[in-house]
Amino acid sequence: MVVIRLTQSQLDDATALARATHAKWGARRGYYPNKFETHLKGKMGEVAVETWAVGLGRKVDSAFRDMSREREADLVIDGKRVEVKTWDVTGWQEWGRCVRPPQVPQLRAKADAVVWCYLEDAAVTIVGWSTLKDIEQVEVTVTGPTYNRLENHQVPLDEVRDLGDLLTTL
């Protein structure tokens with residue numbers, strides 16, 4: 001696990017990116033609630049993973065910063081296509097590490113790995129990662145709070161791969 005505390009500049013950046021994606025997609029039904037807050041969490045996670053990879057001296061292509069590249073993986077790190085999924089710490093147990101079954105083919109087409117994050121205020125914890133095969137092999141279960149239960153592949157925390165292995169394993 002790695003914790004990245006976002007600077008005010010990074011938070012401002014994530015907010016501007018979230019406004020743009022929410023303006024484009026906010027009125028459409030998504031796999032999860034399509035609210036501004038959800039977009040912001042996602043952008044904060046993407047900025048944090050970008051910061052982590054750049055800090056390691058890796059070659060990073062940040063597709064998430066370009067609205068015309070939304071159908072691509074969020075980041076390409078040393079040639080590895082990485083999708084980032086981020087939840088608030090309060091929803092981590094119920095929702096964290098989840099992918100809706102209809103989303104799996106889309107992810108498989110664009111990503112080699114999914115990086116799992118949760119945030120608490122401006123601190124993003126990058127927990128680890130999974131391959132798409134890892135995700136698909138998890139039995140579909142109903143997850144989420146009682147007011148919003150959904151079928152998901154939820155990767156058990158003890159099956160999440162170590163972040164340090166992300167760039168050497170793929």
Side-chain angles (χ1 to χ4, degrees), residues 1 17-18 21-22 24-35 37-50 52-53 60-119 124-170:
M1 274 194 262
L17 291 164
T21 58
H22 183 253
K24 182 174 181 178
W25 300 107
R28 295 188 184 177
R29 184 177 168 93
Y31 295 109
Y32 296 103
N34 217 342
K35 298 187 250 178
E37 294 79 14
T38 307
H39 286 261
L40 180 57
K41 289 174 198 172
K43 295 303 174 190
M44 289 172 69
E46 292 161 2
V47 169
V49 174
E50 174 189 55
W52 166 76
V60 179
D61 176 10
S62 304
F64 75 91
R65 293 183 174 280
D66 182 347
M67 291 282 288
S68 71
R69 298 177 66 193
E70 286 184 308
R71 302 257 183 246
E72 298 178 35
D74 297 323
L75 298 148
V76 180
I77 305 171
D78 288 348
K80 313 298 192 278
R81 301 172 307 155
V82 176
E83 189 73 6
V84 180
K85 299 289 183 189
T86 308
W87 290 265
D88 188 88
V89 68
T90 60
W92 178 247
Q93 291 305 317
E94 297 169 324
W95 289 110
R97 305 160 324 279
C98 283
V99 173
R100 298 289 318 275
Q103 190 179 21
V104 170
Q106 173 195 16
L107 287 175
R108 192 182 321 108
K110 71 177 184 174
D112 301 309
V114 175
V115 172
W116 309 112
C117 304
Y118 65 82
L119 60 94
V124 178
T125 300
I126 308 170
V127 176
W129 66 285
S130 299
T131 65
L132 272 294
K133 185 175 181 180
D134 294 342
I135 295 165
E136 289 177 283
Q137 289 178 345
V138 174
E139 186 175 328
V140 174
T141 58
V142 177
T143 65
T146 55
Y147 62 86
N148 192 15
R149 308 281 292 163
L150 295 171
E151 288 188 341
N152 282 298
H153 294 280
Q154 184 176 37
V155 178
L157 193 52
D158 64 351
E159 292 181 23
V160 171
R161 295 173 185 244
D162 185 79
L163 185 60
D165 298 334
L166 174 63
L167 302 174
T168 57
T169 302
L170 287 176

J.: Between atom CZ of R81 and atom CG of L75, what is the distance when rounded to the nearest 0.5 Å?
T.: 13.0 Å
J.: Got a second to check how far R161's CZ is from L166's CG, nearest 0.5 Å?
T.: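 It is 10.0 Å, given to the nearest 0.5 Å.
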J.: Do you know which two heavy atoms are closest between W95 and P145, and how far apart they sit?
T.: NE1-CD, 2.9 Å
J.: Taking all atoms of both residues into account, what is the closest heavy-atom pair of D112 and G79, and its distance?
T.: OD2-O, 4.3 Å
J.: First locate atom CD of Q137, then atom NZ of K133, and finally report the distance between them rounded to the nearest 0.5 Å.
T.: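 Rounded to the nearest 0.5 Å, the CD-NZ separation comes out at 5.5 Å.
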J.: Not counting sequence neighbours, which residues clear side-chain contact (heavy atoms from CB on, under 4.5 Å) with E136? List them please.
T.: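 With neighbours one apart ignored, the set is V104, R108, L132.
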J.: Which heavy-atom pair separates P101 from P105 by the least distance, and what is that distance?
T.: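 Looking at all heavy atoms of both residues, the closest pair is O-CD, 3.6 Å.
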J.: So I135 and Q103, do their side chains get closer than 4.5 Å, heavy atoms only?
T.: no
J.: If you measure from CG on D78 to CG on D61, what distance do you get to the nearest 0.5 Å?
T.: 11.5 Å
J.: How many angstroms lie between NZ in K110 and CG in D74, if you round to the nearest 0.5 Å?
T.: 6.0 Å
J.: Within the structure provided, determine whether E159 and D134 are in side-chain contact (heavy-atom separation under 4.5 Å).
T.: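 No, their side chains stay 4.5 Å or more apart.
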J.: Among side-chain atoms of T143 and Q154, is any donor-acceptor pair under 3.5 angstrom?
T.: no
J.: Report the residue from E70, E46, E50 that forms a salt bridge (Lys or Arg N to Asp or Glu O under 4.0 Å) with R65.
T.: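 When salt bridge (Lys or Arg N to Asp or Glu O under 4.0 Å) is applied between R65 and each of E70, E46, E50, only E50 qualifies.
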J.: For E72 and A63, work out which heavy atoms get closest and say how close.
T.: OE1-CB, 4.0 Å
J.: Please list, chain by chain and in numerical order, all residues satisfying side-chain contact (heavy atoms from CB on, under 4.5 Å) with D88, sequence neighbours excluded.
T.: K41, T90, L119
J.: Under 4.5 Å between any side-chain heavy atoms of F64 and T21, yes or no?
T.: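 The answer is no, as the side chains (C-beta and beyond) never meet within the 4.5 Å cut-off.
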J.: If you take all heavy atoms of S130 and W116, which pair is closest and at what distance?
T.: OG-NE1, 2.8 Å
J.: Test side-chain contact (heavy atoms from CB on, under 4.5 Å) on L163 and M1; report intermediate values, then the result.
T.: CA-CA 6 Å; L163 185 60; M1 274 194 262; over 6 Å; no
J.: Below 4.5 Å, heavy atoms only, C-beta onward: do W92 and L157 meet side chain to side chain?
T.: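 In short, these two side chains touch, coming nearer than 4.5 Å.
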J.: Roughly how far, to the nearest 0.5 Å, is the CD1 atom of I126 from the OG1 atom of T86?
T.: 8.5 Å
J.: State whether the side chain of H153 and the backbone N or O of V138 hold a donor-acceptor pair below 3.5 Å, judged by distance alone.
T.: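 A pair under 3.5 Å: yes.
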J.: Any side-chain heavy atom of I77 within less than 4.5 Å of one from V49?
T.: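 Result yes, sub-4.5 Å side-chain heavy-atom pair found.
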J.: Does C98 offer a backbone N or O that forms a donor-acceptor pair with the side chain of N152 under 3.5 Å?
T.: no
J.: Please give me the minimum heavy-atom distance between T168 and G164, naming the atom from each residue.
T.: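 Scanning both residues completely, I find the closest heavy atoms to be OG1-O, 4.1 Å.
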